Student: 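Below is the structure I would like to discuss, written out as structure tokens.
Quick caveat: nothing in here was measured; it's all calculated off a predicted structure. Nothing fancy with the numbering, it's 1 onward along the sequence. Both counts, for ligands and for their atoms, begin at 1 and track the order of listing.
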Amino acid sequence: MHGKEQVIAPILQQELGIQVTVPTAFDTDYFGTFTGEIERAGTQIEAARFKAQRGLERMNESLGLASEGSFGPHPSSGFIASNLEIVLLLDTRHDLEVFGMALSTNTNHSHRVVRNLKEAKDFAVQVGFPQHGLIVSADPKSSNQGLLFKGIVSEVALNEAIQTVLAQSSTAFLQTDMRAMYNPTRMKVIAEATQNLAAKLRSYCPNCGWPGFEIAKRKIGLPCEWCMSPTELVLAEVYECKKCKHQIEKKHPDGKEFADPGRCMYCNP
Ligand SMILES: [Zn+2]
Ligand SMILES: [Zn+2]
């Protein structure tokens, strides 16, 4: 419903020869909306898997594809907004599930309470309007609920929405519309996640040749350069085959054999 196939389909066609078709009359908003009218069930991966499964039920195919995004504080530096995108592929014939991921701090995800048109326009400029869409509604804290204008991409529509809401209450609530077709910045992150999916599918098990040979866990304990004590940094990445469970341990994934003493709990407590 949100035009994500525009970025996903060309990449999968080129990288893997997969032809993507979108099921008709498939209401993906049923699985959750960003504006909270419908809550998403489960984790992001579970939501993507569920969508891929429901899509497959409607089409006589064995490869299902779905994407799911989320927005929030960056996991390691909590003050920066970030966007996590997942593109998941289900192969029912081979009982294979692989998902690509992309985490980006390049997002306009934001909201603001405004009192007049001028404040609304200032916010709009900051978040890349009109290339990026906006949502206008009544202030969530006000008693005046019910008004909701989504997918605003023109000055005229923005004026109208703001004036309608402000006619009923003293403030209006503006937020960025994060649905992919209204958000080219998000589209780029979805493209990155798709590239990641293609790369994982092209990573084959050295033992049995099964696709999707990827990192299953990370071992911490990279030794400190001064005292050789294990640190919290990654020492090795363990790849595992989804089919035969063959494992390969790749040491020093960041190309460093030792950790900076600044990251050591003994040398830099
Ligand atoms: Zn294998
Ligand atoms: Zn040390």
Side-chain angles (χ1 to χ4, degrees), residues 8-9 11-20 42-53 55-56 59-68 74-79 84-103 192-269:
I8 294 174
I11 294 170
L12 293 186
Q13 170 76 56
Q14 192 190 333
E15 300 288 323
L16 302 163
I18 293 172
Q19 213 177 339
V20 176
T43 66
Q44 195 170 343
I45 292 168
E46 283 165 1
R49 181 185 300 133
F50 190 67
K51 274 201 280 197
Q53 286 166 342
L56 273 178
M59 304 178 97
N60 193 22
E61 300 288 348
S62 61
L63 286 181
L65 191 69
S67 132
E68 191 72 27
H74 191 274
S76 55
S77 57
F79 297 106
L84 176 67
E85 292 295 336
I86 283 175
V87 179
L88 179 140
L89 182 117
L90 266 186
D91 181 340
T92 53
R93 198 189 310 162
H94 302 103
D95 191 25
L96 177 72
E97 176 186 295
V98 180
F99 61 87
M101 262 172 115
L103 176 68
E192 278 174 42
T194 312
Q195 294 284 9
N196 182 240
L197 169 67
K200 281 184 176 179
L201 282 165
R202 291 169 97 175
S203 168
Y204 304 107
C205 171
N207 187 48
C208 76
W210 206 246
F213 191 67
E214 60 170 311
I215 297 165
K217 63 179 175 221
R218 290 184 172 84
K219 286 186 180 170
I220 58 162
L222 191 68
C224 166
E225 194 165 10
W226 286 353
C227 74
M228 302 302 278
S229 304
T231 65
E232 291 293 301
L233 298 185
V234 176
L235 172 67
E237 289 173 338
V238 182
Y239 288 69
E240 188 181 85
C241 174
K242 291 178 163 64
K243 184 77 175 171
C244 74
K245 303 293 170 197
H246 177 70
Q247 284 191 347
I248 284 186
E249 196 174 296
K250 289 188 182 167
K251 276 194 163 180
H252 316 129
D254 300 319
K256 288 182 192 148
E257 278 182 59
F258 300 102
D260 184 326
R263 305 294 298 268
C264 173
M265 59 186 279
Y266 299 105
C267 299
N268 184 26

Student: Could you confirm whether H246 has any N/O/S atom lying under 2.8 Å from the Zn ion (ligand 1)?
Tutor: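 So H246 does not bind the Zn ion (ligand 1) by this criterion.
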
Student: Rounding to 10°, state the angle centred on the Zn ion (ligand 1) that links SG in C244 with SG in C241.
Tutor: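 The angle at the Zn ion (ligand 1) comes to 110°, rounded to the nearest 10°.
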
Student: Do E68 and L88 have side chains that approach each other closer than 4.5 Å (heavy atoms only, starting at C-beta)?
Tutor: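 Heavy-atom side-chain distance check fails, nothing below 4.5 Å.
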
Student: Measure the spacing between CG of L63 and CG of D91 and express it to the nearest 0.5 Å.
Tutor: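 These two atoms lie 5.0 Å from each other.
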
Student: For F258, which of P223, C264, C224 qualifies under side-chain contact (heavy atoms from CB on, under 4.5 Å)?
Tutor: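 Of the listed residues P223, C264, C224, the side-chain contact (heavy atoms from CB on, under 4.5 Å) partner of F258 is P223.
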
Student: Which angle, to the nearest 10 degrees, do you find at the Zn ion (ligand 2) between SG in C267 and SG in C227?
Tutor: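 Answer comes to 110°, rounded to 10°.
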
Student: Rounded to the nearest 0.5 Å, what separates atom CZ in F213 from atom CD in E240?
Tutor: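 Reported value, rounded in 0.5 Å steps: 8.5 Å.
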
Student: Could you please compute the angle at the Zn ion (ligand 2) from SG of C264 to SG of C224, rounded to 10°?
Tutor: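 Rounding to the nearest 10 degrees gives 110°.
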
